[in-house]
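Throughout, residue positions are numbered sequentially from 1 according to the sequence presented. One-based numbering, in listed order, for ligands and for the atoms of each. Because the structure is predicted, anything quoted here is derived from the model rather than measured.
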Amino acid sequence: MPNLDAYWMPFTANRQFKASPRLIARAEGMHFWTPDGRQVLDAVAGLWCVNAGHARPRIVQAIQAQAAQLDFAPPFNMGHPLAFEFAGRLAAIAPAGLDKVFFTNSGSESVDTALKVALGYHRARGEGTRTRLIGRERGYHGVNLGGTSVGGIVGNRKAFGALLPGVDHLRHTHDTRNLFSQGLPAHGADLADDLERLVALHDASTIAAVIVEPVAGSTGVLLPPQGYLERLRAICDRHGILLIFDEVITGFGRLGAPFAAQRFGVTPDLMTVAKGMTNGAVPMGAVFAAAKVHDAFMDAPPQQIEFLHGYTYSGHPLACAAGLATLDTYAEEGLLTRADTMAAPFGGAAHGLRGLPHVVDVRTLGLVAGIELAPRAGQPGARAYDVFLRCWEQGVFVRTTGDTVALSPPLIIEEAHIAQVFKTLTEAIRSVE
Ligand code: PXG
């Protein structure tokens, strides 16, 4: 066991963890192994990212070969072939019209980049009064200042002051009339009209963009009510507001189509991705932009930098190599639509938990499930955390957020894995107080 002192761990109860550490030493396919050799089934794809399963040989080899060929190339005013090739391949699977790709290194950077694109777009078109950004309650858009500001998770916001000025939030879409819905929930399309309320309050001429997760992941798998996203799109169009989909979790096959925009038939103006883009193997993110958004920046004189933004590691060669090999793997194995096939056995097993003690709701779509437990009196999150620990001890890795157990397995999952996940989860839920 290494000394645990120096590492200040992210989003972790550091003292609790260090008192009782859980280390992972190796991974392959659907599994992790602990340092003492215990095998654990990964029901979360790492952290919603290892969509093709762990340590896939093609991706491993691509990274190894690229490290020897070209370790780094400066991205500003220089290029390397893989970045252009990868952007083209991404555009080819993106929702129609979103064919410009800006590279970042994480979901958080993608979100802050998209917000800056939205502001720059309106300014470039002479509508510089459009500076307001609209997020949604219970939204998660990463941890940078822009994403924290438009995010709607109080715990992630309250310690950090006033955040960005001029931000407002739509109401969230969780509606208790929809408990245990199968498929998209029936109630709540009208929650999109909240955007009309904000337009009436602030005036459309002050609003740059609205950002939402098509399916909210981090706050416990909140599905869009039937018709909600269409309505949001229509209201944005009516008022000249850009619509941003944060597809960091929903992108790359999680819902049974390459992107949620395609699954739901609603196309945003900007789309943020990360995670499954490189199968989690090398950090990378991107913003997809509609031609009209990109082209608005291109009116500047040709020798001028059109968008004064970018990262040292934008389009990093190792990330591009990993990403290209990831897309090859997804294509060869049909993984970007496999969640559609597996949704029936997976969702069916999840809904089979209804009736167990503490289970107050089950929400699933594609290969995502949220199983919400009643909180223990005065101890929010404690019951789900106990379920997580119990599953980990019994060889299944699940994730919890509040009192919701969230499952997002690698898209290569087979029925036997599904059976193991839900058997272990059932026992864990039965065993906790
Ligand atoms: N947007 C969304 C929708 C996300 O889910 C981010 C942005 C930020 O991505 P980076 O790469 O900067 O972490 C995310 C990240 C959880 C959990 O428990 C989810 C995320 C991160 C940590 C935990 O559900 N998603």
Test of understanding: given a 4.0 Å heavy-atom threshold, classify the contact between [X] and ligand 1 as side chain, backbone, both, or neither.
| X | answer |
| --- | --- |
| L47 | side chain |
| S218 | both |
| E247 | neither |

Using modelled atom types only, decide if a donor and an acceptor are shared between the side chain of [X] and the backbone of [Y] within a distance under 3.5 Å.
| X | Y | value |
| --- | --- | --- |
| D340 | A257 | no |
| T173 | P224 | no |
| R56 | A52 | yes |
| R231 | D193 | no |
| T148 | V143 | yes |
| E213 | Y140 | yes |

Is the number of heavy atoms from other residues, nucleotides or ligands within 6.0 Å of CZ (F422) greater than 12?
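Result for CZ/F422: enclosed.
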Under 4.0 Å from any heavy atom of [X], which atoms of ligand 1 are there?
| X | answer |
| --- | --- |
| W48 | 16 (C), 17 (C), 19 (C), 24 (O) |
| I249 | 5 (O) |
| E213 | 3 (C) |
| S108 | 8 (C), 9 (O), 10 (P), 12 (O) |
| D246 | 1 (N), 2 (C), 3 (C), 7 (C) |
| G107 | 8 (C), 9 (O), 10 (P), 11 (O), 12 (O) |
| S106 | 11 (O), 12 (O) |

Using a 3.5 Å cut-off on N or O atoms only, is [X] in polar contact with ligand 1?
| X | answer |
| --- | --- |
| E109 | no |
| G217 | no |
| K275 | yes |

Of N144, I211, T104, which meets side-chain contact (heavy atoms from CB on, under 4.5 Å) against V111?
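Output: one option passes, namely I211.
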Give the residue and atom name of whichever protein heavy atom lies nearest to atom 18 (O) of ligand 1, and the separation in Å to one decimal.
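Result for atom 18 (O) of ligand 1: R399 NE, 2.3 Å.
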Can you check salt bridge (charged side-chain N to carboxylate O under 4.0 Å, His left out) on D237 and R233, steps first, answer last?
CA-CA 6 Å; D237 286 343; R233 175 74 271 183; 2.7 Å; yes
